[in-house]
Amino acid sequence: MSKIKKIAVLTSGGDAPGMNPCIRAVVRTAIYHKLDVVGIRQGYQGLIDNNMYDMSPRSVSNILDLGGTILKTARCLPFRTDEGMEIAYNNLKAQGIEALVVIGGDGTFTGALRFSKKYPDIAVMGVPGTIDNDLCGTDYTLGFDTATNTVIEALDKIRDTADAHDRLFFIEVMGRDSGCIALRAGISCGAEAILLPEKETAIHELIASLKAGEHNKKSSSIVIVAEGDKHGGAYDVAQMVKEEIKNYDVKVTILGHLQRGGSPSAFDRILGSRLGYAAVLGLINGETQKMAGLKGNSVRLTSLEEALMVHEYKLEEDLMQMVEILSI
Ligand code: F6P
(Lines give C-alpha, C1' and ligand atoms only; values in the text may rest on other atoms or scores of the structure.)
Protein backbone atom coordinates (compact mmCIF):
# COMPACT_ATOMS: atom_id res chain seq x y z
CA MET A 1 0.00 0.00 0.00
CA SER A 2 1.30 3.42 -0.88
CA LYS A 3 0.91 6.39 1.38
CA ILE A 4 -0.28 8.90 -1.17
CA LYS A 5 -2.36 11.70 0.25
CA LYS A 6 -3.10 13.90 -2.70
CA ILE A 7 -3.92 13.05 -6.30
CA ALA A 8 -4.84 15.04 -9.38
CA VAL A 9 -7.03 14.21 -12.35
CA LEU A 10 -7.01 15.56 -15.90
CA THR A 11 -8.55 14.86 -19.29
CA SER A 12 -6.41 15.30 -22.37
CA GLY A 13 -6.58 14.93 -26.16
CA GLY A 14 -9.94 14.58 -27.91
CA ASP A 15 -12.86 14.67 -25.48
CA ALA A 16 -15.02 11.55 -25.29
CA PRO A 17 -18.46 10.89 -23.78
CA GLY A 18 -17.85 9.02 -20.53
CA MET A 19 -15.03 11.26 -19.34
CA ASN A 20 -17.34 13.04 -16.88
CA PRO A 21 -18.60 9.84 -15.22
CA CYS A 22 -14.95 8.84 -14.92
CA ILE A 23 -13.91 12.15 -13.32
CA ARG A 24 -16.79 11.74 -10.87
CA ALA A 25 -15.64 8.24 -9.94
CA VAL A 26 -12.03 9.35 -9.48
CA VAL A 27 -13.00 12.27 -7.24
CA ARG A 28 -15.44 10.37 -5.07
CA THR A 29 -13.33 7.21 -4.74
CA ALA A 30 -10.32 9.29 -3.73
CA ILE A 31 -12.28 11.31 -1.17
CA TYR A 32 -13.88 8.16 0.24
CA HIS A 33 -10.34 6.88 0.81
CA LYS A 34 -9.36 10.16 2.52
CA LEU A 35 -7.24 11.51 -0.31
CA ASP A 36 -7.30 15.12 -1.42
CA VAL A 37 -8.16 15.60 -5.09
CA VAL A 38 -7.16 18.36 -7.43
CA GLY A 39 -8.76 18.90 -10.85
CA ILE A 40 -6.43 20.10 -13.58
CA ARG A 41 -8.05 22.15 -16.33
CA GLN A 42 -7.20 21.71 -20.02
CA GLY A 43 -5.10 18.59 -19.71
CA TYR A 44 -1.33 18.90 -19.67
CA GLN A 45 -1.65 22.58 -20.57
CA GLY A 46 -3.23 23.13 -17.14
CA LEU A 47 -0.28 21.39 -15.48
CA ILE A 48 2.08 23.82 -17.16
CA ASP A 49 -0.14 26.85 -16.49
CA ASN A 50 -0.83 25.78 -12.89
CA ASN A 51 -4.53 25.82 -13.72
CA MET A 52 -5.78 23.60 -10.89
CA TYR A 53 -8.51 23.59 -8.24
CA ASP A 54 -9.46 21.53 -5.20
CA MET A 55 -12.38 19.20 -5.82
CA SER A 56 -15.05 17.91 -3.46
CA PRO A 57 -17.82 15.35 -3.97
CA ARG A 58 -20.06 18.30 -4.93
CA SER A 59 -17.68 19.42 -7.70
CA VAL A 60 -18.86 16.39 -9.64
CA SER A 61 -22.58 16.46 -8.85
CA ASN A 62 -24.97 15.90 -11.75
CA ILE A 63 -22.35 15.32 -14.42
CA LEU A 64 -23.00 11.66 -15.30
CA ASP A 65 -25.15 12.68 -18.25
CA LEU A 66 -22.87 15.39 -19.63
CA GLY A 67 -20.84 14.97 -22.80
CA GLY A 68 -17.44 16.68 -23.15
CA THR A 69 -15.39 17.08 -20.00
CA ILE A 70 -15.94 19.45 -17.07
CA LEU A 71 -12.15 19.67 -16.72
CA LYS A 72 -11.77 20.79 -20.36
CA THR A 73 -9.11 19.28 -22.55
CA ALA A 74 -6.34 20.25 -24.94
CA ARG A 75 -3.72 18.84 -27.25
CA CYS A 76 -0.62 20.30 -25.59
CA LEU A 77 2.62 20.53 -27.56
CA PRO A 78 4.75 22.17 -24.81
CA PHE A 79 4.28 19.10 -22.58
CA ARG A 80 6.29 17.13 -25.17
CA THR A 81 9.38 19.17 -24.33
CA ASP A 82 11.71 18.66 -21.35
CA GLU A 83 11.15 22.27 -20.31
CA GLY A 84 7.36 21.85 -20.34
CA MET A 85 7.57 18.69 -18.27
CA GLU A 86 9.83 20.34 -15.74
CA ILE A 87 7.39 23.21 -15.23
CA ALA A 88 4.55 20.70 -14.84
CA TYR A 89 6.55 18.67 -12.33
CA ASN A 90 7.43 21.73 -10.25
CA ASN A 91 3.80 22.81 -10.21
CA LEU A 92 2.69 19.36 -9.02
CA LYS A 93 5.37 19.28 -6.32
CA ALA A 94 4.43 22.77 -5.13
CA GLN A 95 0.85 21.56 -4.62
CA GLY A 96 1.98 18.36 -2.86
CA ILE A 97 0.41 16.17 -5.55
CA GLU A 98 1.87 12.67 -5.55
CA ALA A 99 -0.17 10.90 -8.22
CA LEU A 100 -2.01 11.68 -11.44
CA VAL A 101 -4.99 10.07 -13.14
CA VAL A 102 -4.90 10.88 -16.86
CA ILE A 103 -7.98 10.20 -18.95
CA GLY A 104 -7.30 10.19 -22.68
CA GLY A 105 -5.97 8.31 -25.67
CA ASP A 106 -2.58 7.30 -27.04
CA GLY A 107 -1.11 10.82 -27.10
CA THR A 108 -2.13 11.31 -23.48
CA PHE A 109 -0.59 8.00 -22.43
CA THR A 110 2.62 8.65 -24.36
CA GLY A 111 2.99 11.93 -22.46
CA ALA A 112 2.14 10.29 -19.12
CA LEU A 113 4.68 7.52 -19.62
CA ARG A 114 7.49 9.87 -20.61
CA PHE A 115 6.69 12.15 -17.69
CA SER A 116 6.56 9.33 -15.19
CA LYS A 117 9.84 7.84 -16.39
CA LYS A 118 11.47 11.22 -15.97
CA TYR A 119 9.81 11.92 -12.61
CA PRO A 120 9.03 8.53 -11.04
CA ASP A 121 8.07 10.09 -7.71
CA ILE A 122 4.76 11.12 -9.34
CA ALA A 123 2.69 7.96 -9.88
CA VAL A 124 0.51 7.89 -12.99
CA MET A 125 -2.54 5.87 -13.88
CA GLY A 126 -4.29 6.07 -17.24
CA VAL A 127 -7.93 5.61 -18.15
CA PRO A 128 -8.64 5.01 -21.86
CA GLY A 129 -10.81 7.88 -23.07
CA THR A 130 -11.13 8.21 -26.83
CA ILE A 131 -13.90 7.50 -29.29
CA ASP A 132 -11.37 5.69 -31.51
CA ASN A 133 -11.18 2.45 -29.47
CA ASP A 134 -7.58 2.04 -30.45
CA LEU A 135 -5.73 1.06 -27.28
CA CYS A 136 -4.45 -2.35 -26.27
CA GLY A 137 -5.30 -3.83 -22.89
CA THR A 138 -8.94 -2.80 -23.02
CA ASP A 139 -11.81 -4.07 -25.15
CA TYR A 140 -13.46 -0.65 -25.03
CA THR A 141 -12.36 2.92 -24.59
CA LEU A 142 -14.63 5.59 -23.09
CA GLY A 143 -16.76 7.26 -25.73
CA PHE A 144 -16.56 4.59 -28.39
CA ASP A 145 -20.01 3.18 -27.61
CA THR A 146 -21.68 6.59 -27.50
CA ALA A 147 -19.96 7.75 -30.69
CA THR A 148 -20.98 4.57 -32.49
CA ASN A 149 -24.59 5.11 -31.43
CA THR A 150 -24.41 8.73 -32.59
CA VAL A 151 -23.18 7.56 -35.99
CA ILE A 152 -25.94 4.96 -36.15
CA GLU A 153 -28.58 7.61 -35.47
CA ALA A 154 -27.17 9.75 -38.27
CA LEU A 155 -26.91 6.83 -40.69
CA ASP A 156 -30.51 5.78 -40.08
CA LYS A 157 -31.62 9.29 -40.99
CA ILE A 158 -29.45 9.36 -44.09
CA ARG A 159 -30.87 6.01 -45.14
CA ASP A 160 -34.38 7.49 -45.11
CA THR A 161 -33.49 10.25 -47.51
CA ALA A 162 -31.14 8.05 -49.59
CA ASP A 163 -33.95 5.59 -50.09
CA ALA A 164 -36.50 8.27 -50.94
CA HIS A 165 -34.27 9.57 -53.75
CA ASP A 166 -32.56 6.33 -54.87
CA ARG A 167 -29.20 7.78 -53.93
CA LEU A 168 -25.72 6.48 -53.20
CA PHE A 169 -24.16 8.06 -50.10
CA PHE A 170 -20.54 8.08 -49.01
CA ILE A 171 -20.38 8.82 -45.29
CA GLU A 172 -17.10 9.64 -43.59
CA VAL A 173 -16.72 8.73 -39.93
CA MET A 174 -14.01 9.44 -37.36
CA GLY A 175 -11.58 7.02 -35.75
CA ARG A 176 -8.18 8.28 -36.86
CA ASP A 177 -6.26 5.08 -37.83
CA SER A 178 -8.91 2.78 -36.42
CA GLY A 179 -11.96 1.47 -38.28
CA CYS A 180 -13.83 0.41 -35.13
CA ILE A 181 -16.61 3.00 -35.35
CA ALA A 182 -16.97 2.49 -39.11
CA LEU A 183 -17.30 -1.27 -38.82
CA ARG A 184 -19.74 -1.35 -35.89
CA ALA A 185 -21.91 1.42 -37.30
CA GLY A 186 -21.83 -0.20 -40.74
CA ILE A 187 -23.05 -3.53 -39.40
CA SER A 188 -25.75 -1.82 -37.34
CA CYS A 189 -27.10 0.15 -40.30
CA GLY A 190 -26.69 -2.39 -43.07
CA ALA A 191 -24.11 -0.38 -44.99
CA GLU A 192 -23.50 -1.76 -48.48
CA ALA A 193 -19.74 -1.34 -48.05
CA ILE A 194 -17.31 -0.25 -45.36
CA LEU A 195 -13.85 1.12 -46.15
CA LEU A 196 -11.42 0.71 -43.29
CA PRO A 197 -7.80 1.66 -42.63
CA GLU A 198 -7.17 -1.97 -41.64
CA LYS A 199 -7.97 -3.25 -45.11
CA GLU A 200 -7.18 -1.91 -48.55
CA THR A 201 -10.38 -2.07 -50.60
CA ALA A 202 -9.85 -2.20 -54.36
CA ILE A 203 -12.01 0.51 -55.94
CA HIS A 204 -12.96 -1.75 -58.86
CA GLU A 205 -14.32 -4.30 -56.34
CA LEU A 206 -16.32 -1.58 -54.61
CA ILE A 207 -17.76 -0.50 -57.96
CA ALA A 208 -18.59 -4.11 -58.85
CA SER A 209 -20.42 -4.64 -55.57
CA LEU A 210 -22.38 -1.38 -55.92
CA LYS A 211 -23.35 -2.40 -59.45
CA ALA A 212 -24.46 -5.79 -58.13
CA GLY A 213 -26.63 -3.88 -55.65
CA GLU A 214 -28.23 -1.92 -58.49
CA HIS A 215 -28.79 -5.15 -60.36
CA ASN A 216 -30.42 -6.63 -57.24
CA LYS A 217 -32.82 -3.67 -57.23
CA LYS A 218 -31.42 -1.87 -54.21
CA SER A 219 -33.00 1.56 -54.10
CA SER A 220 -30.20 3.14 -52.07
CA SER A 221 -26.67 2.33 -51.03
CA ILE A 222 -24.52 3.57 -48.18
CA VAL A 223 -20.74 3.31 -48.21
CA ILE A 224 -18.99 4.13 -44.94
CA VAL A 225 -15.51 5.52 -45.29
CA ALA A 226 -13.39 5.55 -42.13
CA GLU A 227 -11.34 8.76 -42.05
CA GLY A 228 -8.10 6.74 -41.93
CA ASP A 229 -8.89 4.79 -45.12
CA LYS A 230 -5.95 4.78 -47.52
CA HIS A 231 -7.92 6.19 -50.49
CA GLY A 232 -8.39 9.53 -48.75
CA GLY A 233 -11.71 10.80 -47.49
CA ALA A 234 -15.29 10.14 -48.57
CA TYR A 235 -15.07 12.87 -51.26
CA ASP A 236 -12.09 11.15 -52.88
CA VAL A 237 -13.75 7.75 -52.90
CA ALA A 238 -17.01 9.20 -54.23
CA GLN A 239 -15.07 10.84 -57.05
CA MET A 240 -13.43 7.54 -58.00
CA VAL A 241 -16.75 5.70 -58.10
CA LYS A 242 -19.04 8.36 -59.58
CA GLU A 243 -18.18 7.90 -63.25
CA GLU A 244 -18.94 4.20 -63.15
CA ILE A 245 -22.24 4.28 -61.28
CA LYS A 246 -24.59 6.16 -63.51
CA ASN A 247 -28.00 5.31 -62.12
CA TYR A 248 -27.49 6.61 -58.63
CA ASP A 249 -27.24 10.24 -57.69
CA VAL A 250 -24.09 10.38 -55.50
CA LYS A 251 -23.92 12.38 -52.25
CA VAL A 252 -21.24 12.76 -49.59
CA THR A 253 -21.65 13.48 -45.86
CA ILE A 254 -18.79 14.06 -43.43
CA LEU A 255 -20.16 13.44 -39.94
CA GLY A 256 -17.27 15.26 -38.22
CA HIS A 257 -17.22 16.39 -34.60
CA LEU A 258 -20.86 15.70 -33.85
CA GLN A 259 -19.56 12.17 -33.28
CA ARG A 260 -17.65 13.33 -30.21
CA GLY A 261 -20.50 15.05 -28.41
CA GLY A 262 -23.67 14.05 -26.64
CA SER A 263 -24.74 12.45 -23.41
CA PRO A 264 -22.78 9.26 -22.67
CA SER A 265 -24.58 5.96 -23.22
CA ALA A 266 -25.33 3.67 -20.26
CA PHE A 267 -22.33 1.61 -21.33
CA ASP A 268 -19.96 4.59 -21.22
CA ARG A 269 -21.34 5.83 -17.90
CA ILE A 270 -20.75 2.44 -16.32
CA LEU A 271 -17.36 2.00 -17.97
CA GLY A 272 -16.23 5.48 -16.88
CA SER A 273 -17.37 4.80 -13.31
CA ARG A 274 -15.66 1.40 -13.16
CA LEU A 275 -12.38 2.54 -14.66
CA GLY A 276 -12.17 5.75 -12.61
CA TYR A 277 -12.83 3.78 -9.43
CA ALA A 278 -10.21 1.16 -10.38
CA ALA A 279 -7.62 3.78 -11.32
CA VAL A 280 -7.74 5.32 -7.84
CA LEU A 281 -7.64 1.93 -6.11
CA GLY A 282 -4.61 1.09 -8.27
CA LEU A 283 -2.79 4.21 -7.12
CA ILE A 284 -3.68 3.52 -3.50
CA ASN A 285 -2.21 0.03 -3.96
CA GLY A 286 1.06 1.53 -5.13
CA GLU A 287 0.64 0.95 -8.87
CA THR A 288 2.08 3.34 -11.41
CA GLN A 289 2.57 3.61 -15.21
CA LYS A 290 -0.55 1.48 -15.72
CA MET A 291 -3.90 1.83 -17.46
CA ALA A 292 -7.20 0.62 -16.01
CA GLY A 293 -9.07 -1.14 -18.82
CA LEU A 294 -11.85 -3.63 -19.40
CA LYS A 295 -11.08 -7.16 -20.62
CA GLY A 296 -14.06 -9.45 -20.93
CA ASN A 297 -16.16 -8.07 -18.12
CA SER A 298 -13.27 -7.57 -15.72
CA VAL A 299 -11.33 -4.46 -14.95
CA ARG A 300 -7.60 -5.06 -15.46
CA LEU A 301 -4.48 -2.98 -15.07
CA THR A 302 -2.11 -3.06 -18.05
CA SER A 303 1.25 -1.33 -18.35
CA LEU A 304 1.10 1.91 -20.32
CA GLU A 305 3.72 0.46 -22.66
CA GLU A 306 1.40 -2.41 -23.52
CA ALA A 307 -1.62 -0.13 -23.84
CA LEU A 308 0.32 1.85 -26.41
CA MET A 309 1.11 -1.14 -28.61
CA VAL A 310 -1.75 -0.07 -30.77
CA HIS A 311 -0.34 0.15 -34.14
CA GLU A 312 -0.89 -3.40 -35.27
CA TYR A 313 -4.53 -2.85 -36.11
CA LYS A 314 -6.24 -6.14 -36.62
CA LEU A 315 -8.87 -6.54 -39.26
CA GLU A 316 -11.88 -8.45 -38.00
CA GLU A 317 -12.14 -10.65 -41.09
CA ASP A 318 -15.17 -12.55 -39.80
CA LEU A 319 -17.15 -9.35 -39.37
CA MET A 320 -16.17 -8.06 -42.81
CA GLN A 321 -17.22 -11.33 -44.40
CA MET A 322 -20.53 -11.12 -42.61
CA VAL A 323 -21.07 -7.55 -43.86
CA GLU A 324 -20.58 -8.75 -47.44
CA ILE A 325 -23.11 -11.54 -47.06
CA LEU A 326 -25.69 -9.54 -45.16
CA SER A 327 -25.67 -6.68 -47.65
CA ILE A 328 -26.63 -8.63 -50.80
O1 F6P B 1 -9.02 10.86 -31.35
C2 F6P B 1 -10.34 11.28 -31.41
C3 F6P B 1 -10.60 12.01 -32.70
O4 F6P B 1 -11.95 12.44 -32.72
C5 F6P B 1 -10.27 11.23 -33.98
O6 F6P B 1 -11.27 10.31 -34.32
C7 F6P B 1 -10.09 12.35 -34.97
O8 F6P B 1 -9.23 11.96 -36.00
C9 F6P B 1 -9.45 13.43 -34.13
O10 F6P B 1 -9.78 13.15 -32.79
C11 F6P B 1 -9.87 14.84 -34.45
O12 F6P B 1 -9.14 15.70 -33.66
P13 F6P B 1 -9.45 17.23 -33.45
O14 F6P B 1 -10.70 17.35 -32.64
O15 F6P B 1 -8.26 17.77 -32.73
O16 F6P B 1 -9.63 17.80 -34.81
Side-chain angles (χ1 to χ4, degrees), residues 10-20 22-23 41-46 66-80 102-113 126-155 170-186 194-198 224-237 252-265 267-268 271-272 275 291 293 304 307-311 313:
L10 61 81
T11 49
S12 156
D15 56 295
M19 282 182 163
N20 283 327
C22 185
I23 296 166
R41 295 191 188 90
Q42 290 179 321
Y44 294 128
Q45 192 60 51
L66 300 183
T69 156
I70 59 159
L71 290 175
K72 309 266 185 183
T73 185
R75 300 192 192 278
C76 174
L77 293 180
F79 191 71
R80 297 186 190 172
V102 297
I103 308 167
D106 55 354
T108 304
F109 288 0
T110 305
L113 190 56
V127 176
T130 164
I131 63 166
D132 300 339
N133 206 31
D134 60 352
L135 290 161
C136 284
T138 189
D139 296 337
Y140 296 100
T141 57
L142 292 181
F144 166 63
D145 181 69
T146 307
T148 304
N149 280 300
T150 301
V151 172
I152 290 171
E153 203 184 321
L155 287 177
F170 291 84
I171 319 283
E172 186 174 308
V173 303
M174 276 187 171
R176 207 181 290 270
D177 300 322
S178 151
C180 272
I181 294 177
L183 184 54
R184 263 66 186 179
I194 307 169
L195 272 58
L196 304 172
E198 294 86 347
I224 301 186
V225 183
E227 66 176 351
D229 177 67
K230 307 289 180 294
H231 294 102
Y235 278 108
D236 301 298
V237 180
V252 176
T253 304
I254 313 284
L255 291 183
H257 284 80
L258 72 82
Q259 295 163 91
R260 285 238 295 265
S263 183
S265 63
F267 183 89
D268 279 326
L271 186 65
L275 299 187
M291 175 195 79
L304 286 177
L308 285 165
M309 285 177 194
V310 266
H311 297 292
Y313 295 106

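We're numbering straight along the sequence, starting at 1. Hydrogens, waters and symmetry mates are skipped; everything else that's a heavy atom, side chains included, is used. Remember, it's 1-based here, ligands and their atoms both numbered in the order they're listed.
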Query raised in the report: Just checking, any donor-acceptor pair under 3.5 angstrom between side chains of Asp145 and Ser265?
Result: yes
Query - Partners meeting side chain to side chain donor-acceptor pair (under 3.5 Å) with Arg176 (sequence neighbours left out) - result: none
Query - Every residue of the protein that comes under 4.0 Å of ligand 1, judged on heavy atoms - result: Arg75, Thr130, Ile131, Asp132, Met174, Gly175, Arg176, Glu227, His257, Arg260
Report task. I would like to know whether Leu135 and Asp106 meet side-chain contact (heavy atoms from CB on, under 4.5 Å); could you show each step before the answer? Result -> CA-CA 7 Å; Leu135 290 161; Asp106 55 354; 4.0 Å; yes
Query raised in the report: What residues form a side chain to side chain donor-acceptor pair (under 3.5 Å) with Thr110, not counting sequence neighbours?
Result: none
Report summary line: For Asp236, the salt bridge (Lys or Arg N to Asp or Glu O under 4.0 Å) test, sequence neighbours excluded, returns none
Report task. Identify the residue among Leu271, Thr138, Leu142 that makes a side-chain contact (heavy atoms from CB on, under 4.5 Å) with Pro128. Result -> Thr138
